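Note on naming: letters A, B, ... go to the chains in the order of the sequence lines (proteins, then strands), and numbering restarts at 1 for each one. Bear in mind that the values here come from a model prediction, so they are computed numbers and not experimental data. Hydrogens, waters and symmetry mates play no part in the numbers below; they use all other heavy atoms, side chains included.
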Amino acid sequence: MKQVLKESLPTNGDTSVLAGVYGPAEVKVSKEIFNKATLEVTLRPKIGLPGVAEKSRERLIRNTCEAVVLGALHPRTSITVVLQVVSDAGSLLACCLNAACMALVDAGVPMRALFCGVTCALDSDGTLLLDPTAKQEKEARAVLTFALDSVERKLLMSTTKGLYSDAELQQCLAAAQAASQHVFRFYRESLQRRYSKS
Amino acid sequence: MAEAAALVAESLAGYRARAARAVLEQVVLPGEELLLPGQEDGEGPGSAGERPLRLNAGARSGGRVVCGPGLRRCGDRLLVTKCGRLRHKEPGSGNGGGVYWVDSQQKRYVPVKGDHVIGIVTAKSGDIFKVDVGGSEPASLSYLSFEGATKRNRPNVQVGDLIYGQFVVANKDMEPEMVCIDSCGRANGMGVIGQDGLLFKVTLGLIRRLLAPDCEILQEVGKLYPLEIVFGMNGRIWVKAKTIQQTLILANILEACEHMTADQRKQIFSRLAES
């Protein structure tokens, strides 16, 4: 099932990613794991062939999904998440994480919690910006992306780039945890809308 | 002091276990924890000051509660693993606490023992047919699992045939196995599905709705044209009417039923009945 998620939090422009999940499906014998599902993530950029940056993002998304999906219920199967970047205006990894989560929920893959991605940027004054645009990301001193789970807002994955202090990291994490509430509320509302039609 | 800290921590975490009975027929999300009827009082520090709403005050507590699809046991609570509406069925004979399950919308089928499904024969290897049922691996069907089949009298099954059968072995660790006879050895409607007709795929939720005891859609469809129809729990429907045009009309109606309200459906049926 396919889902489109738009990052419509206060930013200029829209980052948009299309996500599709296939599974639990057949897996090649070389890739099968005897006691849990094999999770594969493919991220395709808007233009050009997928490169090293896409590979590293795929790995981050895959590690997050593996922490949350109950793979033990479907051993020797494969669950494939395909992400296509439709437009990129900053905070791409967080948008991909949100799209992947919604697609997994929509496909009925059993999960132990929901997760969301939040990006923080620290500019040269030390001001914290949530969901920075591409321009803000380029000019920032540090860009931090966190994946948080829905049950207790615990940290599932973090990837950071740039210079920041220990205290700033804690600050960003706290701000991201507060912002994740909005994302989870959006999940809940859109899923309720979907089920209200039936 | 400890209570205040717990409250703050809770609002930050946004997590609160709710009573299962308070959330019946509502949409639940993966990660939510539900309390069973016997545990709603004295929940502990987590529910400081706020009690879950009880809709059914005179309920019995205790007895075994069955945890259906979409729910898993987590300690002494139920953990929701799929998104959907929470449903409950009271036990018929009075023992136990009934069944809780999550009604989710899904297209992918996972084999379950006892389900009747429509499969497509993909390979014949020795004494076993490999049948594609839409799951993660093909199911195996022995040539002896047909009514009246013996080693000398083999059933006439070719690659590409449609088979209606039920699972006898279907769990996450083993390859699924299906048969076309029931426990008494009779076919009971199972076996190779005849020539012609059309096979198409719908969501699993629609199949469950159509197979519910009092389904209006089926009755209305039956009044429209004479037809033969087979429902597989794996989301596949085989339909056959007198002419190809009628068959296609029926297939389109059944696929569209998913998204139509009852009024729209009645309009379409009355328009078709006139023409």
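Per-residue heavy-atom pair counts under 4.5 Å with chain A were compared for B:Arg72, B:Glu137, B:Arg108, and the maximum is reached by B:Arg108. Interface summary for chain B: among A:Ala25, A:Pro110, A:Ala113, the most heavy-atom pairs under 4.5 angstrom belong to A:Ala25. Ranked by heavy-atom pairs under 4.5 Å with chain B, the list A:Leu73, A:Thr77, A:Leu148, A:Val68 is led by A:Leu73. Contact tally against chain B (heavy-atom pairs below 4.5 Å) for A:Val105, A:Leu114, A:Val27: the top residue is A:Leu114. With respect to chain A, the highest number of heavy-atom pairs below 4.5 Å among B:Cys74, B:Gly70, B:Ser136 belongs to B:Ser136.
Using a 4.5 Å heavy-atom threshold, the side chains of B:Asp115 and B:Asn234 count as separate. Annotation: side chain of B:Ser104 is not in contact with side chain of B:Cys83 (no heavy-atom distance under 4.5 Å). Counting heavy atoms from C-beta outward, B:Glu175 and A:Arg76 have side chains that stay 4.5 Å or more apart.
For B:Arg87, the CZ atom counts as densely surrounded, since its 6.0 Å shell holds more than 12 non-hydrogen atoms of other residues, nucleotides or ligands. Remark: A:Arg44 CZ is loosely packed, at most 12 non-hydrogen atoms of other residues, nucleotides or ligands lying under 6.0 Å away.
Of the two parts of A:Val109, only the backbone, made up of N, CA, C and O, holds a non-hydrogen atom closer than 4.5 Å to a non-hydrogen atom of chain B. For chain A, the nearby part of B:Met174 is the backbone; its heavy atoms alone come within less than 4.5 Å. With a threshold of 4.5 angstrom between heavy atoms, B:Val110 approaches chain A through side-chain atoms but not through N, CA, C or O. Residue contact with chain B, scored on non-hydrogen atoms closer than 4.5 Å, involves the side chain of A:Leu70 exclusively. Contact annotation for B:Asn171: neither backbone nor side-chain heavy atoms come within less than 4.5 Å of a heavy atom of chain A.
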Derivation and outcome, side-chain contact (heavy atoms from CB on, under 4.5 Å), residues A:Arg57 and A:Leu92: CA-CA 10 Å; A:Arg57 287 198 188 111; A:Leu92 181 65; 3.7 Å; yes
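For the side-chain contact (heavy atoms from CB on, under 4.5 Å) test with B:Leu71, the passing option among B:Val28, B:Thr81, B:Leu34 is B:Leu34; the others fail.
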